[in-house]
There are 4 protein chains.
Amino acid sequence: MCKKDKRTDIMQAAMELLAEQGFHGAPMAQIAERAGVGAGTIYRYFENRDVLITELYSEIYERVHRVIVSAHPADRPIRERFFHIMKGFIAHYKDHPLEYRYIEQFHNSPYGLQHRKEKLLNVTGDYDFIHNLFEEGKKQQVIKDLPIAMVFNLAFAPIIWSIRDHHTGFLDLDDELAEVVVRSCWDSLKI
Amino acid sequence: MCKKDKRTDIMQAAMELLAEQGFHGAPMAQIAERAGVGAGTIYRYFENRDVLITELYSEIYERVHRVIVSAHPADRPIRERFFHIMKGFIAHYKDHPLEYRYIEQFHNSPYGLQHRKEKLLNVTGDYDFIHNLFEEGKKQQVIKDLPIAMVFNLAFAPIIWSIRDHHTGFLDLDDELAEVVVRSCWDSLKI
Amino acid sequence: MCKKDKRTDIMQAAMELLAEQGFHGAPMAQIAERAGVGAGTIYRYFENRDVLITELYSEIYERVHRVIVSAHPADRPIRERFFHIMKGFIAHYKDHPLEYRYIEQFHNSPYGLQHRKEKLLNVTGDYDFIHNLFEEGKKQQVIKDLPIAMVFNLAFAPIIWSIRDHHTGFLDLDDELAEVVVRSCWDSLKI
Amino acid sequence: MCKKDKRTDIMQAAMELLAEQGFHGAPMAQIAERAGVGAGTIYRYFENRDVLITELYSEIYERVHRVIVSAHPADRPIRERFFHIMKGFIAHYKDHPLEYRYIEQFHNSPYGLQHRKEKLLNVTGDYDFIHNLFEEGKKQQVIKDLPIAMVFNLAFAPIIWSIRDHHTGFLDLDDELAEVVVRSCWDSLKI
DNA sequence: GATGAATGAGCGTTCATTCAT
DNA sequence: GATGAATGAACGCTCATTCAT
């Protein structure tokens, strides 16, 4: 029951409720209740609602990042590294629907825009890993020489939408289909 | 000063505010104020907030649909028809940033999920136009034989994200880059 | 379509809606719609909502009064005249449920208290008919020498409640039971 | 300063305002103000306005019920028990004008009809006390064999109206007159 | 005279945040 | 540190009344 525990409980409760009910369907009191703490307690760990939401985003982002970075075949060709990343990405979010929903909600909220703006001004190390892969791919002339934002869109957009459709039941994103969508994204990127 | 005028004012004000501030940042009173009408007046034209939001979506959706359908080269090959549609789509939303933002907000809200579900159960004529193009493409074996949802994702996701980035300043989606992204999407779809 | 017609239409619509839905469940717009007139038109005939409600009360009160007065056996004993009045009263309100409901609503609203107060200050001719019967009964020593308000309560309260129960289905106030309740009220009044 | 205090304050304020101004003349904000609490505080104790009104009714009903039941001469004749109940009833509501007004308002509102319906379907223990007295009176052939609703009307209607007149100043219901009205009601009931 | 579109004050209710305990 | 009762501004919506046509 150290300080970390309560903070973790709050974040877990917040993720569940915000993911399931949307950013506007989860009052602080409900988050507190699910976390098993008093409503006021949340404010000892997070200055306010916005800070909770933003820090939770960073936390969840870290998780997928760790998955992607781990066991990364850094010495293999760009194409292989791309496939490794994207399949890890899909696998992680198929296994963690709440995390997926949370990230999606975040990106499609006013927070998301703010977040992207800050990224643009000060590219932190987080993104750099994938960022660098794409830059290297451009240099090696295996992927198209496009603005980095466009590369990200071609690489991630269809995959992220497909994960969403998987969780909402519009699509059964099994291993075979996952392979296909990653290959298709690669087709759109490669020279 | 006919009846249509006030309804139009309200829809325009609603689009601006909902697009700019998100669905939860635009109270009815503010919409009324921007439209230059009393708060109660909105309810003469729209039963409630949900109806306003949904009807506004239909209206805006109609606009892009008209653009896409008009001058469609129905007798040309799938590939050419695809390029025509996608470039019309991009051009329209580059010219109408508020419409773009509104549609995006709508899709990423509970309304959007509801909307997709209804589409899935009862595909109305609206979507069928593009839907049929893709089905025909699959039959002619020029595009991959994938679930229709996946085809839509490959075709639209990178383009839609790029339009967003254009409006937020992350990307300058000029004609050349538009051509590239459409071609890339086609690369991901074609066999 | 003379002036009287529209006024009558409005009063009829108001009675129906106010009786059926309560004084707070019938907006002016709805009354206007049912009456087949514009919302503003009501205000040409009645200064405001309160006036409409009050004048409608007077009108409906007049109707039962006319029934009671007509064919009144003025030369018969008090007891017989009492039975004649009360049975006419019951018959009228059994036949006119909306009028009954309206009168009831009126009496149990702030209007009702106001109305009673005005009656107390200036006893108009309306009530005098029954009022005089009771006073004469007291003089002849056939009914108890009680304050007139008390006499009214003993005479009317059980009957009015029974009519209410008849209309709400709690009681079947057929002719036999009507006879019984009138006799019972008389039992409570007579010396 | 225990939890009960604030709940009691709110109920007292609600009773005063609803009794004095009618069910439609007492906004929640005004109740809160009179109770000396914030508007939102009411909702910690009562789910919504309807619940507040209904619970307040139960509370007030309980009070008169306790008075009537206490010191009840259960082994005395029906007539004597009737007099005991009715005089206790009158005494209580003479002493508590707001409670009287509240109960009256409640009965003459949509809540009251609902309440009567529920009573009719499932006669709970509350009413049974008086109910049983009347049924026993019918069995012993000391009161008329009438539908129970009619018995209640004969027994209570003139008394309740007289209490109302007492509070509005139309009648001075002193002990002597109270005795008379109870006796008169008994006269209307007895065989 | 008649209309009905327009109004805006007022309602019941929610919830992020505070603070006395 | 932890609590949760209390707050009150803000919301979506209603409807009696007005007034330009």
Taking for each residue the nucleotide of DNA chain E bearing the nearest heavy atom, is the 5' side occupied by Arg49(D) or by Ala39(A)? Arg49(D)
Tell me which of Tyr43(C) and Gly38(A) sits closer to the 5' end of DNA chain F, going by the nucleotide each one is nearest to. Gly38(A)
Classify the angle between the aromatic ring planes of Phe106(A) and His115(A) as parallel (below 30°), tilted (30 to 60°) or perpendicular (above 60°). perpendicular
When you check the gap from the basic side-chain N to the acidic O, do Glu59(C) and Arg7(C) get nearer than 4.0 Å? no
Nearest whole Å is fine: how far is dA5(F) P from Asp9(D) CG? 16 Å
Atom CD1 of Ile53(B) and atom C1' of dG12(F) are separated, to the nearest Å, by 11 Å
Quick one: closest heavy-atom pair of Glu20(A) and Leu98(A), and the distance? CG-CD2, 3.8 Å
Can you pull out the residues from residues 19-32 of chain D that lie within a 4.0 Å heavy-atom distance of DNA chain E? Pro27(D), Met28(D)
Heavy-atom check, side chain of Tyr102(D) versus side chain of Tyr61(D), under 4.5 Å: no
Given DNA chain F, 5'-ward residue of the pair Thr41(A) and Thr41(B), judged by closest heavy atom: Thr41(A)
Arg7(C) CZ to dG1(E) P, straight-line distance once rounded to whole Å: 14 Å
Can you tell me how the ring of His24(D) sits relative to the ring of His24(C), calling it parallel under 30°, perpendicular over 60° and tilted otherwise? parallel
Starting at atom CZ of Arg44(A), determine the distance to atom P of dG4(F), rounded to an integer number of angstrom. 14 Å
Output field dot_bracket for DNA chain E (Watson-Crick or G-U, both distances under 3.5 Å, | for other-strand pairs) contains .||||||||||||||||||||
Mutual orientation of the aromatic rings belonging to Tyr100(C) and His167(C) [parallel < 30°, tilted 30-60°, perpendicular > 60°]: tilted
Rounded off to whole Å, could you give me the CD-to-P distance for the Glu47(C) and dT17(F) pair? 9 Å
Atom pair distance, as rounded to whole Å: CD1 in Ile42(C) and C1' in dT18(F): 14 Å
Should Ile103(D) and Tyr93(D) count as side-chain neighbours, where that means a heavy-atom distance under 4.5 Å? yes
OP1 or OP2 of dA6(E) sitting under 4.0 Å from any side-chain N/O of Lys6(B)? yes
Which comes earlier along DNA chain E counting from the 5' end, the contact point of Asn48(D) or that of Gly40(C), where each point is its nearest nucleotide? Gly40(C)
On a heavy-atom basis, which atom in Ala13(B) and which in Arg34(B) lie closest, and how many Å separate them? CB-CG, 3.4 Å
For a quick test of reading the model: is some side-chain N or O of Tyr45(B) closer than 4.0 Å to OP1 or OP2 of dA6(E)? yes
Are Leu52(D) and Tyr45(D) close enough that some pair of their side-chain heavy atoms sits under 4.5 Å apart? no
Between Glu33(D) (CD) and dA9(F) (P), how many Å, whole number? 13 Å
